[in-house]
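What follows is a set of notes on a single structure, which appears directly below.
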Amino acid sequence: MFNPVDARPDLISIEHEALRRWREEGVFERLRAQTTGGPAWSFLDGPITANNPMGVHHAWGRTYKDLFQRFRASLGHELRWQQGFDCQGLWVEVNVERELGYTSKRQIEEQGLAEFISLCKQRVLTYAARQTEQSIRLGMWMDWNDPADLLKLRDALAKDPATSVTINGANGPISGPAEQLIGRLGTPEVGGSYFTFSDENNDLIWTFLAKCHERGWLYKGSDSMPWCARCGTGISQHEMTEGYADREDQSLYFGLALVDRPGEELIAWTTTPWTVVANVAAAVQPSLDYELVEFDGRKLWIGASRRAAALGGGAPRAKLLETRKGAELIGWKYRAPFDALPAVSEALGPDGAAHRVIAWDEVGSQEGTCIVHIAPGCGSDDHKLGVAEGLPAIAPIDESGVYLDGFGNLSGREWHEVTEDVFTHLTAAKSLLRREKITHRYPHCWRCATPLVFRLVDEWFISMGPLYEKPRDHLTKAEIDASLRYQIMAVVDRITWLPEFGYERELDWLRNMSDWMISKKRYWGLALPIYECTACGKVEVLSSRKDLEGRATAGAAALEGHTAHRPYIDEVQIDCSGCGAKVARVPDVGNPWLDAGIVSFSTMRYREDPEYWKRWFPADFITESFPGQFRNWFYSLLAMSTVMASSEPTKTVFGYGLVVGADGRAMHKSWGNSIEFDEAADRMGADVMRWLFVGSRPEENVHFGWEAADETRRRLLVLWNVYAFLVGQAASAGWKPKGSSATAKGRSVMDRWILSRSAELAASAERSFTAYDAYSAVRRLEEGIDELSTWYLRRTRERFAPDAPAADRDAAFDTLHQALLTLLRVAAPIAPFLTDAIYRNLASEGLADATGTSQAVGGAELPLAAAIRAGEAPGSIHLLHWPSAESAPWRDEVLEASMDRIIRAAELGRSVRSAANIRTRQPLARARVVLGVSGNDEAELREILADELNVKIVEAVGDASGLFERRVKVLLPKVGKRLGGSTQAVMQAARDGVVEFLAGGAVRIAGVDLAADEIEVQAVPREGQHVAEDDGLVVELDTTLTPELISEGDARELMRAVQDLRKLAGLRREDRIELQATGAQAPLAAHSAAIAAAVGAEKIQDVDRDPAGEEWRRGSVPLSSGEATLAIRRVTG
RNA sequence: GGGGGGAUAGCUCAGGUGGUUAGAGCUCCGAGCUUAUAUCUCGGCGGUCCCUGGUUCGAGUCCAGGUCCCCCUACCA
């Protein structure tokens, strides 16, 4: 027997209960055990940043990850079940700094790196534990570390890195000093999630970098880079995503006094006042016109096209003195307002002697003054231009954005707080012409939102190689060998990108990206294994920690017992292989995408177990949200796999969009549209969340909110309802799955139909999941729930009644039981909690011992129903094989097509009734139909339709032309050209039906002859006919009402009214009643037996007046003879 | 700044190569069905197809100009 079921499920407690059971019964471990040895299906998890609690946006991707893994496991595949945490990088530092209240790098160094790095590690462990708990709550099945172990490691590390700790390893307890154990997280012996700060991860990146160096791709570049003064680090091109925001700035027009043309000035424009001190040159466009104007006592050179704009409101006062081409200005020398500053005269000579006008093609005619202020120390283009022109560079600020010495009263102050002083100085120097506020797009730090500046820095890059000016298929092998860029593209070609546009987007990124900046002047991250000799300049890149230990000639002791992080690794020195001098590591740390990109090697035992690596690499599947990842994880994964193995890292990349608020805007706490993961899990539940996500189109953003969740929950409640019905009826009828032996053959049409639909569902969902199209699977599942509930169950309901014929009832129960189980098994990867809870109850009779299950259950050899009968059903739906093989024999496509027609015909019939104003409860004598359904089931299908339409008989007719009149539709695309100007008149006449039919199918309309193939004769219902048509399907109702039919209709009306009263009275199906009625003599006389049976009445009385007594529930019902009144009461005992 | 996409019902979106009554889902209203249902069925309300002009017998669709939004990309002063 099944356990009783609530009408309204408490989804949240069902989920907690399932989590508890999975844990206690080791369900996941059993799934792993039973799939071991199966064909490999390799999923590679993109690491989640362990820096904060998980958000609902993570839940979307994690749902995909989980469902495809569950699906593959149900097909018998062996999986690795390893997920990963991204651990190193600026974002962790930023949060730790915030916790400490730090605002600059200096404070970190004062505190000491060892302490700071330890805090970074602790933070990662804190949130790895938290995210582990949250992911488990989401139902994500992975080889998780015990969160308590992670916290234990954290606490030990905080106390003393050398503390010995014992945690759960892959094969039992494992012990070691805390810091060293942390470095071994994710290894085969420790098991669990991978952590990108692990020894193996960092070590393999060294290998990668050494390979790049061997091939000559690694170099130190000096460039003007976007720089975050707060973080004290350069920002790489990869990190510029979403780094732009509108910003209001002060722009200024300022004069540069010409040396050889006394009294004349060049007017330059800039939006960055802080860079004016670094001015070295002024660039003009040689082909543009420049004008010298007299204005308020000054003589100013301005681009002709910008004169009015530059002078603002005073423009009309200007007097034109002279016009010259830009080319003529080139070489003019000038003095700038800050030439007296020591740092400036040191760089440019006394009085700024090096200032001159230069040519630059990029100068446009639509901005500023067409004279561009050039500061090679403060801008990327400026820097390039400066190099080309042989100009000196002035780099005024340090890594914190503070002015260096030699800049007068600016020295020691931050770049963004000197604007007013610059204006004051320019005004005093009689240079300032005008200032105005402008808003423009400006780059900001993606982590801390500080506006960026451009700074001259030395950074390390991996060269992407040349970009050729010809199509890729014209490149020679030598050209490709010389360019990592094209090698990666070749790898991109071999990957299946979902959605398809991902392919183009990745190629586009590769075409456009410049060299990969891999260094950061920070603390918490990969220690770059780069050793640059200060004596001879030789650069060496070490390939592993072992390599370093072999080469170390000083400081090795400091590193001992520590992971390869700062500050310990900074102590180690090697002897330069060129000149023998002592060399220390460059202090920079690595770009964090290096950490995530190496995981297809570091987590797949690339070094210690090549056989294992070959089995799992390349991955079959990766999935991440695509905004950003084309330049980040996808890119680094591709680049590193290309360099390390010349292979694609994965066969399929599946990208999905963003989670936004219900209003379509990005989630923001202050906008009130933000939902935390924990809140969502507690209120809507994980299954609803998962279903909502998977039912969304991956290429578009999900609008996530409570209303959408309610809509999703409603769908799942329908499923629950079917289940609750089955359990409730089984209790009443005493049905058990064990006694059932029904097979598909010989069952009723309805039974065979729903089983066939179940088989189709399993097969089509398998196809969808295999193609990573979970969206279609959800759509099909929702259709399946609908079919099961609103067609199968609604039409079959009465067969489950306790007093229904036993054999047929048995078949109905068995059919519903199997159809429901099949649907649940298809839905299980998406909604793992609810489906498992229902399964457990539906299979409760036949559950095997916890250990006695095997993979074969639910396959073709041992169908689930047989396993339940044999007491061999596994304890969880997630241990069953995918149901398509076992359900395949149920398939009957002809029947499915026929039933489709019947369902549609029923809808047409209801439409006819509605139009004729005859309610469905009123029986009619006859329906005539053109069905287009044939075969053995035709008669039974017609009976279903008759019952559904409440007609005595459904008569199939071959031709329904008598019910319709001809209407001519002119085929405009065919005749429009020929008709020309008379088109409108012909169309109007055709609409009015003024048509003359000619021989051979031709017609004459509005005086124009149209051939048979130029028109289409359509059938529209004849006036007064009760008929509806759709796609060749015709339903006509005979609406003649005889006294017998009316009386029967009244009887139905009466039953309905009594049922309503029963419901109002809160009676249950098995309760018996007594009925008294007034004004319903005729139907009672003719149909009392049927009424009594339908409403469960033991006694029916036709009375003159309502009975007295409070126990009676009263109501009324309109009958053909007038209003009747009713009263019922429950018969007790 | 460059490149791409879009603007259609209150909301989310469909509407090959132009064809005359512009559709679906959700919402709302009405009716129907129903002692499993919050489901479902039928019907209704709801549109200046962003604006202006053009081509055409005919334009949501094609062309030109404009306005606004989104995505990708970019340190132009």
Side-chain angles (χ1 to χ4, degrees), chain A residues 7-8 224-226 235 237 240-241 243-244 251 268-272 275 282-283 360 362-364 366-375 378-383 441-443 452-454 501 504-505 508-509 512 627 630 664 700 703 707 710-711 713-715 717-729 785-786 789-791 793-794 797 800 903 906-915 917 919-921 948 950 970-977 979-988 990-991 1028 1056 1058-1069 1071 1094-1096:
Chain A
R8 295 272 161 267
S224 184
M225 295 292 293
I235 302 294
Q237 191 185 1
M240 292 298 282
T241 325
Y244 284 81
S251 75
W269 182 68
T270 183
T271 54
T272 49
T275 65
W360 190 25
E362 299 296 308
V363 177
Q366 296 306 313
E367 212 166 8
T369 60
C370 308
I371 298 173
V372 179
H373 150 66
I374 300 293
C378 302
S380 168
D381 278 343
D382 300 41
H383 180 71
R441 301 275 289 166
Y442 195 83
L452 300 178
V453 292
F454 287 83
F501 65 71
E504 266 311 318
R505 208 186 269 192
D508 191 55
W509 165 248
N512 288 307
F630 288 96
E700 279 164 32
H703 292 211
E707 217 169 292
D710 280 341
E711 211 174 294
R713 184 187 2 253
R714 278 210 303 275
R715 299 208 178 94
L717 286 186
V718 173
L719 177 63
W720 180 269
N721 221 336
V722 172
Y723 160 62
F725 175 85
L726 172 61
V727 169
Q729 295 300 307
I785 293 172
D786 196 54
S789 166
T790 63
W791 189 250
L793 195 51
R794 191 171 59 77
R797 204 167 34 207
F800 295 92
I903 292 171
E907 289 165 3
L908 288 175
R910 283 193 286 268
S911 169
V912 172
R913 276 180 173 275
S914 184
N917 210 10
R919 61 187 63 182
T920 310
R921 231 172 278 140
E948 184 70 16
N950 195 18
V970 179
L971 297 177
L972 258 176
K974 272 192 175 168
V975 301
K977 286 265 178 321
L979 295 185
S982 52
T983 304
Q984 302 307 337
V986 171
M987 294 308 294
Q988 189 56 50
R991 271 198 292 275
R1056 173 73 222 141
V1058 174
Q1059 301 289 32
D1060 272 349
L1061 285 181
R1062 289 186 58 121
K1063 203 172 191 177
L1064 280 171
L1067 298 185
R1068 287 179 306 174
R1069 189 180 173 116
D1071 292 328
V1095 303

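A, B, ... follow the sequence lines: proteins, then strands. Residue 1 opens every chain.
Put simply, CE on A/Met225 and CG on A/Leu452 are 10.5 Å apart, with the number rounded to the nearest 0.5 Å. To the nearest 0.5 Å, atoms CZ (A/Arg913) and CZ (A/Arg910) are separated by 10.0 Å. The structure places CZ of A/Phe454 at 10.5 Å from CD1 of A/Ile235, a figure rounded to the nearest 0.5 Å. Between the CG atom in A/Leu979 and the NZ atom in A/Lys974 there is a gap of 13.5 Å [rounded to 0.5 Å]. Note that the CG atom of A/Asp1071 and the CZ atom of A/Arg1068 stand 5.5 Å from one another [nearest 0.5 Å]. With values rounded to the nearest 0.5 angstrom, A/Gln1059 atom CD is found 12.0 Å from A/Leu1064 atom CG.
Of all nucleotides listed (B/C33, B/A77, B/A36), B/A36 comes nearest to the side chain of A/Ser789. Closest to the A/Trp269 side chain, of the nucleotides B/A74, B/A77, B/U37, is B/A77. Among the nucleotides B/C72, B/A77, B/A36, the one closest to any side-chain atom of A/Arg797 is B/A36. When distances run from any side-chain atom of A/Gln1059 to the nucleotides B/U35, B/A38, B/A77, the shortest one goes to B/U35.
At whole-Å resolution of the value, CD1 in A/Ile235 and P in B/A74 are 14 Å apart. When the P atom of B/C76 is taken as reference, atom CD of A/Glu367 falls 10 Å away, rounded to whole Å. Residue A/Trp791 contributes atom CH2, which lies 17 Å from atom C1' of B/U37 at whole-angstrom precision. A/Asp710 has its CG atom 14 Å from the C1' atom of B/U27, to the nearest Å. The distance from atom CD of A/Glu711 to atom P of B/U39 is 11 Å, rounded to the nearest whole Å. As a whole-Å value, the separation of A/Leu1061 CG from B/U34 P is 15 Å. Counting to the nearest Å, the P atom of B/U35 and the CZ atom of A/Arg1062 are 10 Å from each other. Separating the CD atom of A/Gln988 from the C1' atom of B/U21 is a distance of 12 Å, rounded to the nearest angstrom.
For the pair A/Ala1094 and A/Thr275, nearest-nucleotide mapping onto RNA chain B gives the more 5' position to A/Ala1094. Residues A/Arg1068 and A/Met987 both approach RNA chain B. Their nearest nucleotides, taken by heavy-atom distance, put A/Met987 toward the 5′ side.
For A/Gln729 (side chain) and A/Arg797 (main-chain N/O), no donor-acceptor pair under 3.5 Å exists by modelled atom type. No side-chain donor-acceptor contact under 3.5 Å links A/Arg715 to the backbone of A/Ile785. Judged by distance alone, the side chain of A/Arg1062 and the main-chain N or O of A/Val1095 form a donor-acceptor pair under 3.5 Å. Remark: the backbone N or O of A/Gly980 is paired with a side-chain donor or acceptor of A/Thr983 at under 3.5 angstrom. Side-chain atoms of A/Asp508 do not come within 3.5 Å of backbone N or O of A/Glu504 as any donor-acceptor pair.
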Which protein N or O atoms sit under 3.5 Å from an N or O of nucleotides 54-61 of chain B?
{"unit_1": "B/C57", "atom_1": "O2", "unit_2": "A/Thr983", "atom_2": "OG1", "d": "3.2"}

Just the table, please: protein N/O against nucleotides 69-71 of chain B N/O, every pair under 3.5 Å.
none

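Residue contacts shown for A/Gly364 include a base, since a base heavy atom lies under 4.0 Å away. A/Thr920 comes within 4.0 angstrom of sugar-phosphate atoms only, judged by non-hydrogen atoms across all strands, and of no base. Nucleic acid contact class of A/Ile785 (heavy atoms, under 4.0 Å, all strands): none. Heavy atoms of A/Asp381 sit under 4.0 angstrom from at least one base atom. Counting non-hydrogen atoms under 4.0 angstrom, A/Arg1056 reaches a base of the nucleic acid. Among the heavy atoms of the strands, none lies under 4.0 Å from A/Arg913. Counting non-hydrogen atoms under 4.0 angstrom, A/Arg919 reaches the backbone sugars and phosphates but no base. A/Val363 comes within contact range of at least one nucleobase, with a heavy-atom separation under 4.0 Å. Residue contacts shown for A/Ile374 are absent, as no nucleic acid heavy atom lies under 4.0 Å away.
Of all the heavy atoms in A/Ser251 and A/Trp269, the pair that sits closest is OG-NE1, 3.2 Å.
Phosphate contact (OP1/OP2 of B/U37, side-chain N/O of A/Arg715, threshold under 4.0 Å): absent. Distances shown here put every side-chain N or O of A/Arg714 at or beyond 4.0 Å from the OP1 or OP2 atom of B/A38.
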Exercise for the section: List the steps, then state whether side chain to side chain contact (heavy atoms under 4.5 Å, CB included) holds for A/Phe800 with A/Leu793. Expected result: CA-CA 10 Å; A/Phe800 295 92; A/Leu793 195 51; 3.9 Å; yes
Exercise for the section: Step by step, work out the side chain to side chain contact (heavy atoms under 4.5 Å, CB included) result for A/Glu362 and A/Val372. Expected result: CA-CA 10 Å; A/Glu362 299 296 308; A/Val372 179; over 6 Å; no
Exercise for the section: Step by step, work out the side chain to side chain contact (heavy atoms under 4.5 Å, CB included) result for A/Ile374 and A/Trp360. Expected result: CA-CA 10 Å; A/Ile374 300 293; A/Trp360 190 25; 4.2 Å; yes
Problem - side chain to side chain contact (heavy atoms under 4.5 Å, CB included) assessment of A/His373 paired with A/Thr275 - result: CA-CA 9 Å; A/His373 150 66; A/Thr275 65; 2.9 Å; yes
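Base pairing in RNA chain B gives the following stems of 3 or more Watson-Crick or G-U pairs, range against range and under 3.5 Å: B:1-7 with B:67-73, B:10-13 with B:23-26, B:28-32 with B:40-44, B:50-54 with B:62-66.
Evaluation of the side chain to side chain donor-acceptor pair (under 3.5 Å) rule for A/Asp710 yields A/Arg713 as partners, not counting sequence neighbours.
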Problem - Annotated protein contacts, base or backbone, on nucleotides 1-15 of chain B with a non-hydrogen cut-off under 4.0 Å, one of B, S, - each - result: ---------------
Completion exercise
Scoring nucleotides 40-45 of chain B by protein non-hydrogen atoms under 4.0 Å (B base, S sugar-phosphate only, - none) yields SSSS--
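B/C42 and B/U55 have their P atoms separated by 46 Å, with the value rounded to a whole Å.
A/Arg991 CZ: more than 12 foreign heavy atoms inside a 6.0 Å radius.
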